[in-house]
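Quick caveat, the model's predicted, so the values are computed rather than measured.
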Amino acid sequence: LTLGYSFKAFRFGLEYDIYEPPMIGFSPEWEGCKLMRGFAEWAGESLELRAGTVYEQFGSGLIFRTYEERALGINNALMGGNIRWRPWDGVTLKVVAGVPQKFQEYAPVRIYGTDGEMDLGSLLFPENGMLLSVGGSWVLRDDRSDEHNVKADRVVRNYAGRLDLSKGIFSLGGEYVAKSRSVYWDDAYNIRYGKGRNVLLYAGIDAPGIGFSATFRAFENGDLRVDDCLNDESVSLNYVPALTMQHKYALLTLFPHEIKMAGETGGQFSLFGELPMGGKTGNPLSFAVNGSMYRSLTVKKDDESTYLFRQKGKLLYGEIGLELERKWSKSFKSTLLFFHQRKLEFSKYGFGNMRMDSEVLVADLLYKITPKTSLRMELQHVWSDSKDNQRWAMGLLELGLAPAWMVYVSDMCNYESYGDSLHYYRVGGSYSWRSLRASIDYGRNREGIQCAGGVCRYFPEHTGVTVMLSVAI
């Protein structure tokens, strides 16, 4: 339950958590009811002060990010203070300090951090239209818990630097994070000790009718943890994104990329644009080609250090696909997708590790019956060489009654499987009116990994009802 109030330059808020019991797939540590978060904030033209619950991010989040992801049961907010100061145009300074939330408690850990960013482009080239931004961050974690690993350092220091450059249609940038010695888990869940590092590089072109972007990301021991006790996303204080395409279609998310926090290297690219088409409407054909690949790190001959940039490790995940979209008339629009995916997956039927290749085909068709009534249909299919499930099919029908109502029904089935063929049906709807939004969903949920924003969690198979209500007064 979230309550907020604002008056002129002041904002106040309270949040009360109710997990009786925690939702399926959430950690049992969430169980209980508690007033966990609250804040008071004042915002002026160049200065912002906040006491209480702090959500903040430095740079891209590689070094520090506190946030909430309710769908996965994640909230690592700080209870402390936050200062944001803009002393001059193009200069931003941030300071945070506090104790991090760990499920229904606040951990006996102290977090201190500072971040600064300056737009040199506006200072050095005010009439050139160039954006040249540099930034740096420092974060310290002081673990004072009784469960602290005695072989690890209580104090972990993190340093980061970043650069962003854009001019016209071109942009590029990067960020580097260095972490002092800490404990971490390797891919086999063995305890290791060592320093950490994160590298993020990106470049892009955004021209009329066409664009291209590419991102490279590599890291080793890249996770900044609240403490050394758990290997759980809920107690991570930074954000290492998966950097694969964030799919909205169910069968494309059957086997998502799960980040190996011990270390991995790889990247993602996207080519997108519009092609002119004839016909009565003259609407262009939008296209996008997306691909990504990630591998394990290659160990050097000394068997203690690794190569961050060498792409010779074990393939963890690969994907490439094409998306086509066109509005054929005022009442009809179609979207077609075809993707090839490759992933290492552990068999639940005893076949061990499998390298799976899958082809996924999706058709999304939207027809406007009247200006306020629309019918949308999804048809999806997967061909896979998995020893567990070889074929999947899914269909969805959605009726929209603008501006308030939407109802839908869907079914997904693994119709060729080593185990039982099961139907994962869903039915639901939503209603919106002014600031009120209510939704209800009933169905059977499959076992597997679910992701939101690149953060993933395992959920067991279950059947149930989900009800959501949001009202802003």
Side-chain angles (χ1 to χ4, degrees), residues 166-173 202-217 241-257 266-293 317-342 358-383 392-400 402-403 406 408 410 412 451-454:
S166 65
K167 170 68 175 174
I169 65 173
F170 300 98
S171 63
L172 59 90
Y202 53 89
I205 299 174
D206 191 2
I210 193 167
F212 177 80
S213 64
T215 305
F216 171 83
R217 186 212 62 206
L243 288 182
T244 58
M245 184 175 178
Q246 300 299 300
H247 296 294
K248 63 179 180 179
Y249 297 103
L251 295 191
L252 282 167
T253 64
L254 284 177
F255 310 109
H257 174 47
Q268 175 191 25
F269 79 90
S270 179
L271 174 67
F272 52 92
E274 295 181 343
L275 298 175
M277 300 288 289
K280 295 181 179 180
T281 63
N283 292 326
L285 174 68
S286 299
F287 72 90
V289 180
N290 295 280
S292 58
M293 182 183 70
Y317 182 84
E319 174 185 73
I320 189 165
L322 171 67
E323 178 177 354
L324 301 172
E325 181 180 298
R326 192 188 184 207
K327 188 174 183 180
W328 299 88
S329 66
K330 292 183 179 179
S331 58
F332 181 65
K333 184 178 77 171
S334 66
T335 304
L336 300 176
L337 298 93
F338 179 77
F339 272 80
H340 173 80
Q341 298 175 332
R342 175 174 290 182
S358 304
E359 283 71 43
V360 187
L361 182 64
V362 177
D364 185 344
L365 310 175
L366 175 65
Y367 180 70
K368 296 190 69 173
I369 303 170
T370 69
K372 292 188 176 182
T373 306
S374 63
L375 183 66
R376 190 173 71 89
M377 179 174 65
E378 286 182 19
L379 298 173
Q380 305 179 40
H381 193 274
V382 173
W383 297 264
W392 288 83
M394 179 185 173
L396 175 143
L397 279 176
E398 178 184 282
L399 178 65
M406 185 274 289
Y408 64 89
S410 70
M412 180 172 68
C451 301

A.B. asks: If you measure from CD on Q341 to CG on L252, what distance do you get to the nearest 0.5 Å?
C.D. replies: 5.5 Å

A.B. asks: Considering residues at least two apart in sequence or located in another chain, which fulfil the ring pair (Phe, Tyr, Trp, His ring centres under 6.0 Å) criterion with Y408?
C.D. replies: none

A.B. asks: Under the rule for side-chain hydrogen bond (donor to acceptor under 3.5 Å, both in side chains), what residues qualify as partners of T335, not counting sequence neighbours?
C.D. replies: E325

A.B. asks: Donor-acceptor check, side chain of E274 to backbone of P284, threshold 3.5 angstrom: yes or no?
C.D. replies: no

A.B. asks: Looking at every non-hydrogen atom in both residues, tell me the closest pair between A250 and M394 and how far apart they are.
C.D. replies: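 In this case the closest contact between A250 and M394 is CB-SD, 3.5 Å.
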
A.B. asks: In Å, rounded to the nearest 0.5 Å, how long is the span from CE of M377 to CG of L379?
C.D. replies: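 With rounding to 0.5 Å, CE (M377) is 4.5 Å from CG (L379).
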
A.B. asks: Could you pull out all residues at least two apart from F339 that satisfy ring pair (Phe, Tyr, Trp, His ring centres under 6.0 Å)?
C.D. replies: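 For F339, the residues satisfying ring pair (Phe, Tyr, Trp, His ring centres under 6.0 Å) (neighbours in sequence not counted) are H247.
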
A.B. asks: Taking salt bridge (charged side-chain N to carboxylate O under 4.0 Å, His left out) as the cut-off, I'd like each qualifying pair that reaches into residues 360-373, sequence neighbours left out, listed once.
C.D. replies: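 Listed by first then second residue: D364-R376.
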
A.B. asks: As an exercise, state the distance from CG of L361 to OH of Y249, rounded to the nearest 0.5 Å.
C.D. replies: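 Reported value, rounded in 0.5 Å steps: 11.5 Å.
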
A.B. asks: Could you pull out all residues at least two apart from R342 that satisfy salt bridge (charged side-chain N to carboxylate O under 4.0 Å, His left out)?
C.D. replies: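 Checked R342 against salt bridge (charged side-chain N to carboxylate O under 4.0 Å, His left out); matches are D357.
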
A.B. asks: Can you list everything that forms a side-chain hydrogen bond (donor to acceptor under 3.5 Å, both in side chains) with S270? Sequence neighbours excluded, please.
C.D. replies: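 With sequence neighbours excluded, S270 shows a side-chain hydrogen bond (donor to acceptor under 3.5 Å, both in side chains) to N290, given in chain and number order.
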
A.B. asks: Of all residues at least two apart in sequence or in a different chain, which pass the side-chain hydrogen bond (donor to acceptor under 3.5 Å, both in side chains) check with T373?
C.D. replies: T370

A.B. asks: Would you please name every residue forming a ring pair (Phe, Tyr, Trp, His ring centres under 6.0 Å) with H340, sequence neighbours left out?
C.D. replies: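 Not a single residue meets the ring pair (Phe, Tyr, Trp, His ring centres under 6.0 Å) criterion with H340.
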
A.B. asks: Output all residues satisfying side-chain contact (heavy atoms from CB on, under 4.5 Å) with L271, sequence neighbours left out; order by chain, then residue number.
C.D. replies: I210, F212, F287, V289

A.B. asks: Between CH2 of W383 and OG of S358, what distance do you get to the nearest 0.5 Å?
C.D. replies: 11.0 Å

A.B. asks: On a heavy-atom basis, which atom in L285 and which in R326 lie closest, and how many Å separate them?
C.D. replies: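 The answer is CD1-CB, 3.9 Å.
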
A.B. asks: Could you pull out all residues at least two apart from E323 that satisfy salt bridge (charged side-chain N to carboxylate O under 4.0 Å, His left out)?
C.D. replies: none

A.B. asks: In the structure I gave you, are the side-chain heavy atoms of V360 and L337 within less than 4.5 Å of one another anywhere?
C.D. replies: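 They are not in contact (no side-chain heavy atoms under 4.5 Å apart), so the answer is no.
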
A.B. asks: To the nearest 0.5 Å, how far apart are OG in S374 and CD1 in I369?
C.D. replies: 7.5 Å

A.B. asks: Could you pull out all residues at least two apart from F332 that satisfy side-chain contact (heavy atoms from CB on, under 4.5 Å)?
C.D. replies: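 Checked F332 against side-chain contact (heavy atoms from CB on, under 4.5 Å); matches are W328, S329, S334, L365, Y367.
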
A.B. asks: Nearest 0.5 angstrom please: L375 CG to L399 CG, how far?
C.D. replies: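 Rounded to the nearest 0.5 Å, the CG-CG separation comes out at 6.5 Å.
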
A.B. asks: Under the side-chain contact (heavy atoms from CB on, under 4.5 Å) test, which residues partner S292, sequence neighbours left out?
C.D. replies: T244, Q268, Y294, Y317, E319

